[in-house]
Amino acid sequence: MSAPQRPRLVVIHGVNLDLLGERPAEHYGTVTLAQLESLIATEAAGLGWDCICLQTNHEGQFVEYLHEHRGADALLVNPGAWTHYSYAIRDALELVRCPAAEVHLSDIASREEWRRHSVISAVVTFTISGKGTTGYVEAVRRLVEMIGQ
């Protein structure tokens with residue numbers, strides 16, 4: 001008899017997040033993408049979940065990832081700059097059949113005017129912004145708690 005399948009969290013990072021650690025520290029901190037993904041995966045594993053982390057600098061690939069993983073147990077997304085204008089990503093998120101968290105390292109509401117609006121916030125389950133890496137840990141815990149209910 002096989003072991004029961006663990007729930008799966010899929011994390012999708014967007015444009016320029018592959019360069020975390022090189023981007024302005026005042027907005028993004030000094031964490032690298034590899035370190036951030038390790039933190040997320042460790043948190044998820046500690047809660048009994050598997051975690052897949054993906055990153056792309058191509059909007060169409062981001063949409064493909066959403067299509068491919070729309071049946072995951074939970075999604076955590078940070079589309080980067082696409083957050084502010086990609087209706088293609090918004091439309092793809094509408095097709096997701098699981099709770100989805102939007103997370104940003106920086107506080108987008110206190111950044112440049114063009115960064116203050118998220119076109120995806122209306123189609124995700126919740127948004128966390130401006131808490132750095134702690135926001136990712138909080139999002140994982142909230143998603144796991146939601147699924148457990």
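In this text the structure is predicted, and so the values were computed from the model without any measurement.
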Test side-chain contact (heavy atoms from CB on, under 4.5 Å) on Val119 and His84; report intermediate values, then the result. CA-CA 6 Å; Val119 300; His84 314 292; 6.0 Å; no

Any chance you could lay out the side-chain contact (heavy atoms from CB on, under 4.5 Å) test for Ile128 and Arg142, step after step, and finish with the verdict? CA-CA 11 Å; Ile128 298 174; Arg142 283 179 66 181; 4.1 Å; yes

Ser129 and Val103: side-chain contact (heavy atoms from CB on, under 4.5 Å), yes or no, with the steps? CA-CA 6 Å; Ser129 178; Val103 181; over 6 Å; no

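To the nearest 0.5 Å, atom CE of residue Met146 and atom OG1 of residue Thr125 are 5.0 Å apart. A distance of 11.0 Å separates OG1 of Thr32 from CG of Leu19, quoted to the nearest 0.5 Å. Taking CD1 from Ile89 and CZ from Phe62, the interatomic distance works out to 5.0 Å, rounded to the nearest 0.5 Å. In this structure, NZ on Lys131 lies 13.5 Å from NE2 on His104, to the nearest 0.5 angstrom. Residue Thr83 holds its OG1 atom at 5.5 Å from CG of Asn78, rounded to the nearest 0.5 Å. A distance of 7.0 Å separates CG in Leu105 from CG in Leu17, rounded to the nearest 0.5 Å.
Checking side-chain atoms of Thr42 against main-chain N and O of Leu39 turns up no donor-acceptor pair under 3.5 Å. With Arg70 contributing its side chain and Leu95 its backbone, the two residues share no donor-acceptor pair below 3.5 Å.
A donor and an acceptor atom, one from each side chain of Thr127 and Glu102, are located under 3.5 Å apart. Judged purely by distance below 3.5 Å, without hydrogens or angles, the side chains of Glu59 and Asn57 never pair a donor atom with an acceptor atom.
Under a hydrophobic clustering in which Ile, Leu, Val, Met, Phe, Trp and Tyr are joined whenever their side-chain heavy atoms come within less than 4.5 Å, directly or via other members, Leu76 and Ile147 fall into the same cluster. Both Val144 and Tyr136 belong to a single network of hydrophobic side chains, linked directly or stepwise wherever heavy atoms of I, L, V, M, F, W or Y lie under 4.5 Å apart. Placement of Leu47 and Leu36 within a single hydrophobic cluster is found when ILVMFWY residues are connected by side-chain heavy-atom separations under 4.5 Å, directly or transitively. In the hydrophobic cluster analysis, where Ile, Leu, Val, Met, Phe, Trp and Tyr join through side-chain heavy atoms closer than 4.5 angstrom, Ile108 is grouped apart from Tyr87. The hydrophobic cluster containing Val96 also contains Tyr65, counting ILVMFWY residues as joined when their side-chain heavy atoms lie under 4.5 angstrom apart, directly or transitively.
Using a 4.0 Å cut-off between charged nitrogen and carboxylate oxygen, Arg8 and Asp50 do not count as a salt-bridge pair. A salt bridge does not link Glu145 to Arg141: none of the charged side-chain nitrogens sits closer than 4.0 Å to a carboxylate oxygen.
Residues Ala74 and Cys98 share a closest heavy-atom pair of CA-SG, 3.8 Å. For the residue pair His13 and Val11, the shortest heavy atom distance occurs at CE1-CG1, 3.5 Å. Across all non-hydrogen atoms, the minimal contact from Leu9 to Trp49 is N-CE3, 3.6 Å. Residues Ser121 and Ser118 come closest through the heavy atom pair N-OG, 3.1 Å. Considering every non-hydrogen atom in both Gly71 and Arg97, the closest pair reads CA-NH2, 3.6 Å. Nearest heavy atom pair, residue Leu93 against residue Val123, reads CB-CG2, 3.8 Å.
A side-chain contact (heavy atoms from CB on, under 4.5 Å) with Leu66 is found for exactly one of Val77, Leu54, Asp91, namely Val77.
Side chains of Leu75 and Pro99 form no contact here, defined as non-hydrogen atoms less than 4.5 Å apart.
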